[in-house]
Amino acid sequence: MGDQCAAARRARGSRKAPSQSSAPEPPRSHSAAAKPPARGGGRAGAGRGDARPPGEHAKAINPRDSPSPTDPKGATPARSRTEKGPAPSEMGSVHNGKGSAPGESNAVPSRKGAVPTRKDSARREKGAVPKTKESPARGPPAVASYCCTGAESSVGVKSGGVGARRLRDVLKTLSLGRQDTSEASENVNQLIRTLVSAIRARESSFSSIDILGTGSYYEHVKISAPNEFDIMFTMPAPRVELEQCDGSGAFYYVRLKRNPQGNDLDKFLQEDGTLAACKMLFALRNIIKEISNHKHTGPDSLHRAGSPAITLRIGNPPMEISVDIILALEVRSQSWPASTQEGLKIEKWLGSKVKQEYKWKPIYLVPKHAKDGRVLKEDTWRLSFSHIEKEMIKNHGNTKTCCESKGVKCCRKSCLKLLKHLLDQLKTKDGNRRGLDKFCSYHAKTAFFQACVLWPDDKQWLFTDLESCFQNFLDYFLDCLNNAYLPHFFIPTHNLFSRQLIDKASSDFLSKEIKYEINNRFPIFELQN
DNA sequence: TTGCGCTAACAATG
DNA sequence: CATTGTTAGCGCAA
């Protein structure tokens, strides 16, 4: 999926010289307790004293724990920016969202929701970095934010400093063009409307499917180009019984509760009474294939084994769009499975009321093979919470007015976009080698939600603190990698970074690459896509 | 089913 | 940098 896109455009350089700037230590600090970190970020350094958080912090800068500062030139400066480099990107990963992981869950570290906290990070990687406040880690005055190069000056640059400015410039290049979006959405909507009406007419079992846009485009966090659309075809299901089929708590066998008069799904039942995911997917795929006949790519490229999606491609290369159709059973009026019990810990962030409302919503089941060791179990279904994820991203503030025209703008979505972009670029650069192909945008999204819980307050995500917030977010992501622990947001026992899913080598490699980017002010962001 | 009102996000303007 | 106009998506009601 994914790919380049037209985009190469934009990007121009022009940014001011690096000057110094520095932000007075970004507040990164929040220990798990979440203190208000951010603030301060760039803006004036005013009393740094106060701004700094308690905890450790210090790392304010870049030298973060990375073992090697990689930074060659000592402190600094100036980086050459290559302004133009090709580089297609896009995380191709939209891949199947969550990975499939069998039961794993390996040890879930005890820190439950808490998450690592930067102390953890500090300590891993040799204790080297001191992190106490005044003594920043490595010698140099580290100061100043990663953005600034050695110079210390802490003078604040207004809004954040050079680093912040660069990040904002990067964000700008990630935004979707209006014209492209307009054309893409029209084509996609047209396609979907056609498909749905044909499917409804052609197969009575599918007569009540409905459309639910999910994924980054509909969450407004799509980056670079409107070239990937995820659309669920939801199908109301009668009451069902779920039988967990592995230890992850994400995969299930589905049985219909007795229903005297039968129902639309009967034809997809197997002898043991379970609902055959494969059969349903197959039926859907056939209809889609007939309808979209030849027009879109060849038939068999439609569906990747094990993936819940049927992928259609429309348009031509410069602006090719991939549309993922995902069949989903909608189960309502049933409480969520036990494995979700400890998940969705959003009380402090969005509030218990909101949580309760979410819990009343249906859950979805998408056809996806569970992998047990090396055995593929077919006809299993995976829980999907795409609708809630979309809702949370849309309504992401601790206060009601977050990001409203009248309210204060936060940088949550920006941070997520930047992380996605970073992963995309790294994958592109390394050609998905060294295991980077195992990472997908769902990891970024999950880490994002966890970070929102870790730092629930809007004040911890002020847009003016973009730079330090992004730093903190990356630190958290690195912690997850290093601890091999990134719990699924709704199913905490499902560890997306378990060693079974992501081997140590892959995770160490990604971790190293990210640290390098951090320490060198994200040279990879200079590449154009 | 259609249309209205609202929001988020672009894009142009100054 | 703030303002304003435009568009897509979405929920709601006629």
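Note that the coordinates shown come from a computational prediction; the quantities given were computed from them, not determined experimentally. Just so it is clear: chains get the letters A, B, ... in the order the sequence lines come, proteins before strands, and each one is counted from 1.
The distance between atom NZ of K394(A) and atom C1' of dA9(B), rounded to the nearest whole Å, is 13 Å. Straight-line distance from the CD1 atom of I211(A) to the C1' atom of dT1(B): 14 Å, rounded to whole Å. Between the CD1 atom of I223(A) and the P atom of dC10(B) there is a distance of 12 Å, given to the nearest Å. Atoms CD (E186(A)) and C1' (dG9(C)) sit 14 Å apart, rounded to a whole Å. The distance between atom CD of Q179(A) and atom C1' of dA8(C), rounded to the nearest whole Å, is 14 Å. Atoms CG (N395(A)) and P (dG9(C)) sit 19 Å apart, rounded to a whole Å. The separation between I231(A) atom CD1 and dA8(C) atom C1' is 13 Å, rounded to whole Å. The CG atom of D180(A) sits 18 Å away from the P atom of dA9(B) (whole-angstrom rounding).
The side chain of N189(A) contributes an N or O atom lying less than 4.0 Å from OP1 or OP2 of dG9(C). Between K409(A) and dA8(B) there is no side-chain N or O to OP1 or OP2 distance below 4.0 Å. One finds a side-chain N or O of K413(A) lying less than 4.0 angstrom from the OP1 or OP2 phosphate oxygen of dA9(B). In this structure, S182(A) reaches the dA8(C) phosphate: one of its side-chain N or O atoms is under 4.0 Å from OP1 or OP2. Residue Y218(A) places no side-chain N or O under 4.0 Å from the OP1 or OP2 atom of dC10(C).
At a threshold of 4.5 Å between non-hydrogen side-chain atoms, the residues L312(A) and I288(A) count as touching.
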Verify ring-ring contact (aromatic ring centres under 6.0 Å, His included) between H488(A) and Y442(A), making sure each step is shown before the conclusion.
CA-CA 10 Å; H488(A) 186 284; Y442(A) 197 71; 5.7 Å; yes

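In plain terms, the two heavy atoms of Y217(A) and S185(A) that are nearest each other are OH-CB, 3.7 Å.
In this model, a donor atom of one side chain and an acceptor atom of the other lie less than 3.5 Å apart for K222(A) and N227(A). In this model, no donor atom of one side chain and acceptor atom of the other lie less than 3.5 Å apart for T214(A) and Y364(A).
Listed nucleotides dA11(B), dA8(C), dA8(B) differ in distance to E404(A); the shortest reach to its side chain belongs to dA8(B).
Here K390(A) lies in heavy-atom contact (under 4.0 Å) with sugar-phosphate atoms only.
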